[in-house]
2 protein chains.
Amino acid sequence: MADEPRNAALGITYLLGQLGNLAVRDFKNRMKSYALHPRQYVILSQLRDDPGISQQTLSDRLLVHRSAMVGLLDELESRGYLSRERNLENRREHSLVLSKDGRDLLDSLRETAATFEKDFLSSLTNAEAKKLKSLLQTVATAHGIETTTPNHELVVVKQ
Amino acid sequence: MADEPRNAALGITYLLGQLGNLAVRDFKNRMKSYALHPRQYVILSQLRDDPGISQQTLSDRLLVHRSAMVGLLDELESRGYLSRERNLENRREHSLVLSKDGRDLLDSLRETAATFEKDFLSSLTNAEAKKLKSLLQTVATAHGIETTTPNHELVVVKQ
DNA sequence: TATTGTTATACTCTATAACTATA
DNA sequence: TATAGTTATAGAGTATAACAATA
C-alpha cells in the first residue's frame with residue numbers, strides 16, 4: 001500500500017494543539033461579521049449564566065488574565081452589549097451584566113457556534129461527536145478547566 | 001444540589017482551544033531540561049520518518065511557516081542534532097537529516113512524551129484514551145492535519 | 001497588607017514582505 | 001516567472017510589574 005503510515009503517533013499533545021488552534025481560528029473566521037473574538041462569545045455566555053460576576057472571577061474561570069480581560073470588556077461595553085456597575089458590597093469590584101442587545105447578540109452567536117461545531121465535526125457521527133465532547137470534558141475538568149457554569153453562592157444582581 | 005451545572009456547553013471549540021494550549025504549555029514545561037520547544041520534538045520525529053525532507057515540505061506538514069521554521073532548525077543544527085545538505089537534484093532545497101545525537105535525543109524525548117501523555121490523560125481509562133485519540137485523529141485528518149507520516153514517492157537521501 | 005481593575009511593558013507566536021539563489 | 005530558504009518586521013496573544021482605589 002502506497003500510503004501506509006510509518007509513524008502512527010505524533011501524540012495527543014500535537015493533535016490537541018493543532019486542532020485547538022484550528023478550531024479557534026476557524027470559529028473566529030466564522031464570526032467575522034460580528035467583529036468579535038471567540039473569547040468574547042465565551043464571556044457573553046458566562047455573563048448570561050452568572051449575571052453580576054466580577055472581572056476577576058470571570059478571568060479565573062476563563063483562564064484569561066485580568067489585564068487582558070479589560071480590553072475585551074471595554075469593547076463589549078462600548079458597543080452596548082454589557083455594562084459595568086460598581087459592586088456596592090465590595091467597591092473594588094465591577095458587577096458585569098448583559099444588556100438586552102447583549103442577550104440578543106448571544107442568541108445569534110449561539111446559532112453560529114452550533115452550526116460551526118456541526119461543520120467542524122462533520123467527519124464524525126453524532127454519537128462519536130458526543131463521545132468526543134464527553135471525553136474532552138472529562139480531561140478538561142481533571143485539569144481545572146471549567147466547562148460548565150456552577151451555581152454559585154449568592155450573587156445579588158440588583159434587587 | 002449546590003453545584004449542578006446550569007450551562008453544560010461552552011462548546012467543542014472552547015474545549016479544544018483550552019486543552020490544546022494547556023497540553024502544549026505543560027509538555028513544554030516537561031521538556032524544560034532539554035531546552036526545546038514541543039515543535040522541535042515534532043520536527044525530529046518527522047526527520048526520523050522522512051530523512052532528506054526539505055524545509056518547505058516539513059513546514060507544510062507541520063503547519064509552521066517556512067520563515068518560522070528557519071530558527072527552529074538553526075538551533076537544532078547548531079546543537080548538532082541535524083544537518084542541512086544541499087539537495088543536488090534541486091539546489092534550492094535543503095535536505096534535512098538527523099545526526100546520531102539527534103536520533104538519541106529523539107529516543108529520549110519519546111519517553112518523555114509518552115510519560116507526559118499518560119499523565120495528561122490520567123483521568124481516562126486506557127480504552128477511553130485510545131478512543132479519544134482515535135476520534136481526534138479522524139477530525140484532524142478531515143481538516144488536513146497530518147498525524148502520520150505517509151510513505152512518499154521517492155526521496156533519494158544519499159545513495 | 002491584600003485584592004480589583006487598570007495601564008504599560010515585554011516576550012512569544014504567527015503572518016507578511018522582500019531579498020537571494022536557483023529553477 | 002515561480003519556488004526554497006532567509007531575514008526583517010509587524011501583529012496577535014500572553015505574562016509581568018506597577019499603580020490607584022478599596023478592603
Side-chain angles (χ1 to χ4, degrees), chain A residues 14 17-18 20-29 31-32 35-43 47 52-78 82-97 145 155, chain B residues 13-14 17-18 20-29 31-32 35-40 42-43 47 52-78 82-97 145 155:
Chain A
Y14 182 75
Q18 292 287 11
N21 286 341
L22 183 68
V24 172
R25 195 171 65 234
D26 284 1
F27 181 47
K28 184 177 179 181
N29 202 269
M31 283 172 56
K32 69 175 181 301
L36 288 177
H37 192 282
R39 220 168 283 131
Q40 292 173 306
Y41 163 59
V42 180
I43 288 171
L47 293 194
I53 196 177
S54 74
Q55 295 185 195
Q56 182 63 59
T57 303
L58 187 60
S59 295
D60 290 344
R61 200 168 287 169
L62 300 183
L63 305 180
V64 174
H65 195 277
R66 67 187 202 270
S67 66
M69 184 62 76
V70 175
L72 295 168
L73 292 174
D74 282 350
E75 197 190 337
L76 291 171
E77 186 180 33
S78 74
L82 60 82
S83 63
R84 286 189 249 223
E85 304 171 12
R86 276 284 158 210
N87 182 339
L88 298 183
E89 293 175 356
N90 183 342
R91 293 165 50 77
R92 289 175 300 190
E93 295 183 357
H94 286 164
S95 290
L96 303 171
V97 291
I145 296 173
V155 171
Chain B
T13 306
Y14 181 75
Q18 293 287 12
N21 285 341
L22 183 68
V24 172
R25 195 171 66 234
D26 284 2
F27 181 46
K28 184 177 179 183
N29 202 270
M31 283 172 55
K32 70 175 182 300
L36 289 176
H37 191 281
R39 220 168 282 131
Q40 292 174 307
V42 180
I43 289 171
L47 293 193
I53 195 176
S54 74
Q55 295 185 196
Q56 182 64 59
T57 303
L58 187 60
S59 295
D60 290 344
R61 200 168 287 168
L62 300 183
L63 305 181
V64 174
H65 195 276
R66 67 188 203 269
S67 66
M69 184 62 76
V70 175
L72 295 168
L73 293 173
D74 281 350
E75 197 190 336
L76 291 171
E77 186 180 33
S78 75
L82 59 84
S83 62
R84 288 189 249 221
E85 304 171 10
R86 276 284 159 209
N87 182 340
L88 299 182
E89 295 174 355
N90 184 339
R91 295 166 49 78
R92 290 175 300 190
E93 294 183 0
H94 286 166
S95 289
L96 303 171
V97 290
I145 297 172
V155 171

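In what follows, chains are A, B, ... by sequence order, proteins preceding strands, each numbered from 1.
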Roughly how far apart are Tyr14(B) OH and Ile145(A) CD1, rounded to 0.5 Å? 7.0 Å
Can you name the one residue among Leu96(B), Leu72(B), Leu82(B) that meets side chain to side chain contact (heavy atoms under 4.5 Å, CB included) with Glu77(B)? Leu82(B)
Rounding to an integer number of Å, can you tell me how far Asp26(B) CG sits from dT14(D) C1'? 15 Å
Phosphate oxygens OP1/OP2 of dG13(D): is one of them under 4.0 Å from a side-chain N or O of Arg25(A)? no
Could you measure the distance from the CE atom of Met69(A) to the CD atom of Gln40(A)? Nearest 0.5 Å is fine. 10.0 Å
Between P on dT3(C) and CG on Asp60(A), what's the gap in Å once rounded to a whole number? 12 Å
dT14(C) OP1/OP2 closer than 4.0 Å to side-chain N/O of Lys28(A): no
Could you state the atom-to-atom distance from CE of Met69(B) to P of dA8(D) in whole Å? 20 Å
OP1 or OP2 of dT3(D) versus the side-chain N and O atoms of Gln55(B): is any pair under 4.0 Å? no
Do you know which two heavy atoms are closest between Leu63(A) and Gln18(B), and how far apart they sit? CD1-OE1, 3.7 Å
Starting at CG of Asn21(B) and ending at P of dT14(C), how long is that distance when rounded to a whole Å? 10 Å
Please determine if a side-chain N or O atom of Arg66(A) lies less than 4.0 Å away from the OP1 or OP2 oxygen of dT7(C). no
For Gln40(B) and dT12(C), what is the distance between atoms CD and C1' respectively, to the nearest whole Å? 14 Å
Check the pair Val70(A) / Arg66(A) against side-chain contact (heavy atoms from CB on, under 4.5 Å), numbers first and verdict last. CA-CA 7 Å; Val70(A) 175; Arg66(A) 67 187 202 270; over 6 Å; no
NA contact type, His65(A), heavy-atom cut-off 4.0 Å: base, sugar-phosphate, or nothing? base
Would you kindly give the CG-to-C1' distance between Leu73(B) and dT6(D), to the nearest whole Å? 12 Å
Calculate the interatomic distance between Leu96(A) atom CG and dT6(C) atom C1'; express it in whole Å. 14 Å
Dump the pairs, protein N or O against N or O of nucleotides 21-23 of chain C, anything under 3.5 Å, distances to one decimal.
from    : atom 1 : to       : atom 2 : distance (Å)
dA23(C) : OP1    : Arg91(B) : N      : 3.0

What is the distance, to the nearest angstrom, from the CD atom on Glu75(B) to the P atom on dT6(D)? 15 Å
Could you grab the distance from atom CD of Glu93(A) to atom CD1 of Ile53(A), nearest 0.5 Å is fine? 10.0 Å
Using OP1 and OP2 only, check whether a side-chain N or O of Arg39(A) sits under 4.0 Å from dT14(D). yes
Scan Ser67(B) against the nucleic acid and name what it touches under 4.0 Å (heavy atoms): base, sugar-phosphate only, or nothing. base
Phosphate oxygens OP1/OP2 of dT12(C): is one of them under 4.0 Å from a side-chain N or O of His37(B)? no
How about His94(B) and Glu85(B): do any of their side-chain heavy atoms sit closer than 4.5 Å? no
